Asker: 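Have a look at the structure that comes next, please.
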Amino acid sequence: MSASTILLTEAKYATDWEQLRTAGLRLFAEIDGNNFYLSGTLVHDAAPLFFEHYSINTNESFLSEVNIKAVRKQLTWLDGVAISKMIVAVQNVHYKLLPFEFSASQIDAQKLCSDSSAFLNGKIVYGIDYKINIALQSFCAQVAIKHSMIGLLHQTSALTATYTDAVLCNIHATAIDIIVWQNSKVKMLNTFNIVTPEDIVYFIQLAIQNHFKKEAPQLLIGGEIIQQSKIYSTIGKFFNPLDMANRVALKHQGVYKTLAPNRFLSLSGIIACE
């Protein structure tokens with residue numbers, strides 16, 4: 001794939017690039033199918049300074065060493081900027097949920113990554129092709145890959161302050177994440193492949209039937225969805241109450257204002273966890 005097929009669709013700058021050359025920068029990225037989101041903060045500050053969104057107008061994924069390197073080639077303004085670390089959240093990567101007791105040696109033996117969450121009270125274990133890590137090192141020598149679910153769980157943890165019991169359905173182009181919590185504790189977390197809006201209804205119904213016997217929970221819908229859509233209207237025919245779930249705002253989230261508030265940008269959660 002040539003670099004020319006990557007489109008810079010958004011660029012929001014709020015800093016002096018000459019300052020970055022000496023102050024240093026941390027990069028945060030999210031790879032979600034054919035979308036590549038990039039944000040940066042100063043080394044000792046969690047406030048995002050810029051946000052960029054790259055997309056490919058095909059069914060290709062940015063979870064490819066060729067496409068990652070093509071993005072880096074576009075970012076000529078990063079040349080000469082001191083970058084200390086890059087943290088990348090990856091979407092649509094198969095994972096397993098395991099207890100904290102699962103040993104690090106077992107994870108290393110299987111060449112797997114592991115992200116822990118106190119809110120989840122366990123670990124998310126997953127695998128990443130080593131070529132992806134090598135490609136990301138074109139941005140920075142020190143790269144840490146995180147599963148995007150950790151960022152989503154950070155957002156969910158904050159949502160429990162408003163909703164004690166609820167079901168969150170986070171919608172992607174070809175998959176959904178469903179998180180169920182009761183008494184502010186996670187009872188279910190899973191990702192399902194979808195083709196039609198009816199698929200979403202089926203998996204939500206299954207989650208509710210398995211965890212709520214009496215009163216129907218609050219259903220929160222987020223992700224790649226708007227209210228004026230077939231997906232939203234289809235879900236609304238079967239579930240009540242239904243609410244669009246806004247992501248929890250970071251202290252300095254103005255840089256992400258170009259995104260719909262119901263889009264659970266995982267890198268914003270990852271920044272908050274750092």
Side-chain angles (χ1 to χ4, degrees), residues 1-15 17 20 25-42 46-79 81 83 85-93 132 135-136 138-140 143-152 154-155 170-175 177 222-226 229 244-250 252-272 274:
M1 186 196 74
S2 64
S4 61
T5 61
I6 296 180
L7 306 177
L8 176 60
T9 56
E10 295 168 11
K12 304 294 180 185
Y13 303 116
T15 190
W17 295 115
L20 297 182
L25 189 68
R26 290 182 304 158
L27 295 181
F28 296 85
E30 177 178 340
I31 299 174
D32 182 5
N34 65 345
N35 293 299
F36 187 101
Y37 301 94
L38 183 69
S39 183
T41 76
L42 291 175
L49 297 173
F50 68 88
F51 172 64
E52 292 199 2
H53 170 210
Y54 290 80
S55 63
I56 310 175
N57 290 333
T58 69
N59 292 326
E60 288 188 75
S61 170
F62 273 111
L63 207 60
S64 151
E65 64 272 19
V66 174
N67 293 345
I68 290 171
K69 289 180 178 178
V71 172
R72 178 61 186 92
K73 192 174 181 179
Q74 299 288 304
L75 297 169
T76 55
W77 52 263
L78 276 179
D79 298 336
V81 175
I83 302 173
K85 186 177 183 180
M86 183 177 186
I87 299 172
V88 184
V90 290
Q91 291 268 16
N92 302 321
V93 173
I132 300 299
L136 289 168
S138 63
F139 287 82
C140 174
V143 176
I145 299 177
K146 303 283 187 180
H147 200 287
S148 62
M149 193 59 69
I150 292 297
L152 181 60
H154 175 81
Q155 301 284 335
N170 185 43
I171 299 172
H172 309 282
T174 59
D177 306 313
E224 305 297 336
I225 183 174
I226 59 173
S229 67
M244 294 287 277
N246 290 353
R247 66 177 177 271
V248 178
L250 293 173
H252 305 283
Q253 190 162 265
V255 74
Y256 300 134
K257 63 185 177 182
T258 54
L259 288 175
N262 57 277
R263 172 68 164 82
F264 288 102
L265 194 64
S266 297
L267 64 86
S268 67
I270 296 295
I271 292 173
E274 277 293 295

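Being a predicted model, the structure only gives us computed values, none of them experimental. All residue numbers in this chain count up from 1 along the given sequence.
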Asker: Are the side chains of Ile83 and Phe139 in contact, using a 4.5 Å heavy-atom criterion?
Answerer: no
Asker: With rounding to the nearest 0.5 angstrom, report the CZ to SG distance, Arg26 to Cys140.
Answerer: 11.5 Å
Asker: How long is the gap from CZ on Phe62 to CD on Gln91, to the nearest 0.5 Å?
Answerer: 14.5 Å
Asker: Do you know which two heavy atoms are closest between Glu60 and Asn34, and how far apart they sit?
Answerer: O-CB, 3.2 Å
Asker: Taking the side chain as everything from C-beta on, heavy atoms only, tell me whether Asn170 gets closer than 4.5 Å to Leu152.
Answerer: yes
Asker: Against Ile145, only a single residue in Val90, Val93, Ile31, Ile87 fulfils side-chain contact (heavy atoms from CB on, under 4.5 Å); can you say which?
Answerer: Val90
Asker: Do Val71 and Leu38 have side-chain heavy atoms sitting under 4.5 Å apart?
Answerer: no
Asker: Would you say Leu259 and Tyr37 make side-chain contact, with heavy atoms under 4.5 Å?
Answerer: yes
Asker: Is any side-chain heavy atom of Asn35 closer than 4.5 Å to a side-chain heavy atom of His172?
Answerer: no
Asker: Indicate the ring-plane relationship of Phe50 and Trp77, choosing parallel, tilted or perpendicular according to the 30° and 60° boundaries.
Answerer: perpendicular
Asker: For the residue pair Ile226 and Met244, what are the closest heavy atoms and their distance?
Answerer: CA-CE, 4.2 Å
Asker: Are the side chain of Arg247 and the backbone N or O of Ala260 linked by a donor-acceptor pair below 3.5 Å?
Answerer: yes
Asker: Evaluate the side-chain contact (heavy atoms from CB on, under 4.5 Å) criterion for residues Arg263 and Asp32: first the C-alpha distance (whole Å), next the side-chain angles of each, then the deciding distance (0.1 Å), finally the verdict.
Answerer: CA-CA 12 Å; Arg263 172 68 164 82; Asp32 182 5; 3.2 Å; yes
Asker: Taking all non-hydrogen atoms of both residues into account, name the closest pair between Ala89 and Ser266 and its distance.
Answerer: CB-CB, 4.1 Å
